[in-house]
J.: 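Encoded as structure tokens, here's the structure I'll be asking about.
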Amino acid sequence: MTILEKLKKISHKEPRIRHFCIQTIRFKKFLENARALLDLFDDGHEKVLGEYIFDRHYVVSLIDGVVERLGMMVYDACVLVPKSGEGLYVTYDKHKLTAGNLIGGTPGSLASAPSASDDPEYQLLSDVLQWFNGKHAPDDTTVMGFMKQIFFSVIQFDAIGGIESMDVMKTRALFENSGVAATDMGIYLVDLWKDAQALPEERRSINDFNSIPLKHLLMDVSGKEAKTGSENIQNGVAWVAAVSEYQLSLNSLKPDFQFRLETLASGYEHSDFIFIFADKSAILDKILPAGFHIESTDYGQFAWYLDMSAKNIEDSLMIIGRNLLS
Amino acid sequence: MSEQPLKIMVIDDENIVGKRLKPALEKTGDIVETFVDGETALARFEQEPFDIVVTDIRMEKIDGIEILEQILAKSGRTKVIIITGYATVEIAREALSKGAFDFIAKPFKPADLRVIIERATKELRS
């Protein structure tokens, strides 16, 4: 089948499931860009603390990298939630201006960022880190503060892949009518690639899906599947999981429990991660194993764990699955 | 009997590199001179050869490759270590093929450069 024929086929199928799949994949790109920004920050931090020899080119390329990745995050956010675009781009332009001022201005102009060195390159890097996540800088002027704002824009209005989070009934109807309810658990299961092209002709079981993170998540739940399944079905299906071989996006459908888990379990430690957003009422300490970075905000809780080994991601997903689904 | 201190030349058009490297390399008793342009450095080398030359690869007027060629033409025993910037792996490879002893990528720790210098010293004294 040619690409044109595939696209033609896709365009004739259920658009909302396809939209859901595309948005889920886009959200993963969004997280990748956020992660790259954190990596840049860590790199700069390591250089300023670790007696490194670097020059101005390093700092300027760090600033350029931050601006570029931040722009990619804003773009992803606009694709996920188009109505957020105008406000985010206004703030993004301010950050571009700050970046330009850092490159073209006098190092040390951010007075609250004292450097251990008088050298302009080291002072400039100190200023950049202050701009990124300065403890004394107002939250709305830092890159980290802006990243949180972007996350809120996406999470608040796009809890499950472009479908309004408050519209639970419509969401359930969409998945119910698409025939993606699993036969053996109270969960909707969407194959990110196949279901975008053609909806399943018959109901599938968990075992029909070749998804590594899904298998990890359910590893310690399977023994209780009858209980979990029947209880959930009586109360309405509570979860939707969108999967590919290495990716899992798990979303709560309970109106009073907002929870989103995104993970990549590819076997490459540097790229594998677990990201979670949960509402303020969720007791993450009882759901997550040790090792997660957790940030509580007025809007909800973010938790993430980066650079996970295969064993670590398997154990973590198993514990999370047991705590969430049993 | 203690060994003679090494004579090390550092060339980088970014002043900060020489400024930071000089005290770090002098800790072991070696003699370090720093330069911010190739012309002055080569003129100094004419007066007196150095055991080790550490040079940035990208500089205006005379770049690191040219410095490498001129140094090796004047003194075959001098070990030349190239400092590369970002995304200059190909140029670093070219430098190695032209006789550079090794290369190190910015940003780097002085201790990492010291390891390379120690290897070069062993060859010089063998």
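These numbers come from the heavy atoms of this one structure, side chains and all, not from hydrogens, waters or symmetry mates. So you know, we letter chains A, B, ... as the sequences are listed, proteins then strands, and number each from 1.
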J.: Would you say CD of Glu66(B) has more than 12 non-hydrogen atoms from neighbouring residues, nucleotides or ligands within 6.0 angstrom?
T.: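 Count over threshold, so yes.
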
J.: In Å and rounded to the nearest 0.5 Å, what is the CG to CZ distance from Asn15(B) to Arg56(A)?
T.: 14.0 Å

J.: Heavy-atom distance under 4.5 Å to chain A: side chain of Leu21(B), backbone, both or neither?
T.: both

J.: Is the number of heavy atoms from other residues, nucleotides or ligands within 6.0 Å of NZ (Lys94(A)) greater than 12?
T.: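 12 or below, so no.
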
J.: Is there side-chain contact between Tyr58(A) and Glu14(B), with at least one heavy-atom pair below 4.5 Å?
T.: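 Sidechains of Glu14(B) and Tyr58(A): no contact.
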
J.: About how many Å separate NZ of Lys109(B) and CD of Glu46(A), when rounded to the nearest 0.5 Å?
T.: 6.5 Å

J.: Can you name the nearest heavy-atom pair linking Asp55(A) to Ile16(B), along with the distance?
T.: CA-CG2, 4.0 Å

J.: Count the heavy atoms belonging to other residues, nucleotides or ligands that lie under 6.0 Å from OH of Tyr75(A), then report whether that count exceeds 12.
T.: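 12 or below, so no.
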
J.: Check Pro107(B) against Phe54(A) and note the closest heavy-atom contact, atom names and distance.
T.: CB-CB, 3.7 Å

